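The block underneath contains the structure these notes are about, expressed in structure tokens.
Not measured: the values here are computed from a predicted model.
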Number of protein chains: 2
Amino acid sequence: MLELAILGFLYEAPLHGYVLRRHIAALTGHVKPVAESTLYPAIKRLEKAGLLVRATEPGAVAAPRHVLRLTEEGRRELRRRLAEPAQREITDENQWFVLLAFLRHLEDPGAQAAVLRRRLAFLEEPTSFFYDGDRPIGAEEADDPFRQGILTIARATSRAELAWLRDTLASLGDVGR
Amino acid sequence: MLELAILGFLYEAPLHGYVLRRHIAALTGHVKPVAESTLYPAIKRLEKAGLLVRATEPGAVAAPRHVLRLTEEGRRELRRRLAEPAQREITDENQWFVLLAFLRHLEDPGAQAAVLRRRLAFLEEPTSFFYDGDRPIGAEEADDPFRQGILTIARATSRAELAWLRDTLASLGDVGR
DNA sequence: ACGCTATACATCGGCCACGATGTATAATCC
DNA sequence: GGATTATACATCGTGGCCGATGTATAGCGT
């Protein structure tokens, strides 16, 4: 997820680590703060994999900056990760949001629609959080207000996202199944 | 998060690993499947910490079962973790939902309300996913439909949860700030 | 007869994330 | 004048999570 965010932001413009960090903090930081000690090793991994290169520039106000720029391979890799996301990136809202943030970099509307359809299929599967044996328990019959809350909130989110997905798929010219 | 789920389910009744796993899968599995190779080491950690004990029973249909039962210390630890959640458990919806699922085990409504108030404070903070410099970018002006979607969905979720939080706080007899 | 699925546990290696800590400089606040 | 904050990088150790793999037994379909 972190690597996807790095590739996504650098796809738009070369950045140095510090600015990159602030972008990532804005995108996911309120939910899951990104530690510097996670970001810098991640940058190193991507560099080692040949997906980005560093150029050292004298620092504007402090230490010298390492300006990070995606290689052509890095640009291909971002598009690949966007087009073929892992199932976790479809199901986990945190990861899904990161993917959505950069989905515009897939130039083919059909490929974009295909990704949205995977999310749609996931949301259309019936899922409950609690079961009585095999029978799913609805929000009305949950035995405490907190579990009711989970079901209520999840349902509201799901409804909003389904509406948005269907609208967006339609405007992408997707003909449905 | 996993440990909290284990403690939470065992607080209600002793279970063996396999059933515990199915409960956890129902609670969080559609978003983030729980691997057996994560569950069993987690159980071991909790056992080593003195929070639960195992009793081996002959297996009903297969291998012998290890029935897991919380110790008094384990029960105290669950209540402590519920009453004093880490900030991540407040901000990350996945973790927050697990916490909510077991909040009923805090017997004091005041303590329950205090936890909900922390989530309320978090949701009331203004947060945007994207910035133009320091200025947050709203859903209307986001430059692509996918980023618009993120903002739209997040807003819908937030609105639903805020309504539920205020209702529930009121019914817990919370007088507000 | 054979394979598949469910029950029921367990280990191992690798990767990744995080907190703590370190090293500088420059600006701002009190 | 001293402390704090922001900029800008980096390492290290701990520990969690995961995929792959292993070991059994029992039932069910074909």
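Nearest-nucleotide assignment on DNA chain C puts the 5′-proximal partner with B:Val19, out of A:Ala42 and B:Val19.
Remark: A:His16 is in phosphate contact with D:dA8, judged by side-chain N or O atoms under 4.0 Å from OP1 or OP2. Checking the phosphate oxygens (OP1, OP2) of C:dC18, a side-chain nitrogen or oxygen of B:Arg88 falls inside 4.0 Å. B:Arg54 has no side-chain polar atom (N or O) that falls below the 4.0 Å cut-off from OP1 or OP2 of C:dA8. Side-chain nitrogen and oxygen atoms of B:Lys32 include none within less than 4.0 Å of the OP1 or OP2 phosphate oxygen of D:dC17. Contact annotation: B:Thr38 side-chain N/O to D:dC18 OP1/OP2 distance is under 4.0 Å. Dashed line: the shortest gap from a side-chain N or O of A:Tyr40 to OP1 or OP2 of D:dA10 is not under 4.0 Å. At D:dC17, one or more side-chain N or O atoms of B:Arg45 fall inside 4.0 Å of OP1 or OP2 (strictly under the cut-off).
With respect to A:Arg76 and A:Glu73, no salt bridge is recorded, no charged nitrogen being found less than 4.0 Å from a carboxylate O. B:Arg88 has no carboxylate O lying under 4.0 Å from a charged side-chain N of B:Glu93, or vice versa, which leaves the two without a salt bridge.
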Inset, instruction - Mind running salt bridge (Lys or Arg N to Asp or Glu O under 4.0 Å) on A:Glu89 and A:Arg81 for me, showing each step along the way? - result: CA-CA 10 Å; A:Glu89 293 171 325; A:Arg81 291 196 193 200; 6.0 Å; no
Inset, instruction - Check step by step if salt bridge (Lys or Arg N to Asp or Glu O under 4.0 Å) holds for A:Arg104 and A:Glu12. - result: CA-CA 11 Å; A:Arg104 56 171 166 185; A:Glu12 297 162 27; 3.6 Å; yes
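The NE2-C1' distance, from A:His66 to C:dA24, rounds to 13 Å in whole Å. If you take CZ of A:Arg22 and C1' of D:dA8, they are 11 Å apart, rounded to a whole angstrom. Atom CG of B:Leu39 is separated from atom P of C:dT7 by 15 Å (rounded to the nearest Å). Across the protein-nucleic acid pair, A:Gln87 atom CD and D:dC18 atom P stand 15 Å apart, rounded to whole Å. As rounded to whole Å, 17 Å separates atom P of C:dT25 from atom OH of A:Tyr18. For the pair A:Met1 CE and D:dC17 P, the computed distance is 15 Å after rounding to whole Å. Nucleotide D:dT5 holds its P atom 16 Å from the CD atom of A:Glu36, rounded to whole Å. The CZ-P distance, from A:Arg65 to D:dA8, rounds to 4 Å in whole Å.
Side-chain atoms of A:Leu106 and A:Arg79, non-hydrogen and from C-beta on, do get closer than 4.5 Å to each other.
Listed candidates were C:dG19, C:dA10, C:dC9. Nearest to the side chain of B:Lys44 is C:dA10.
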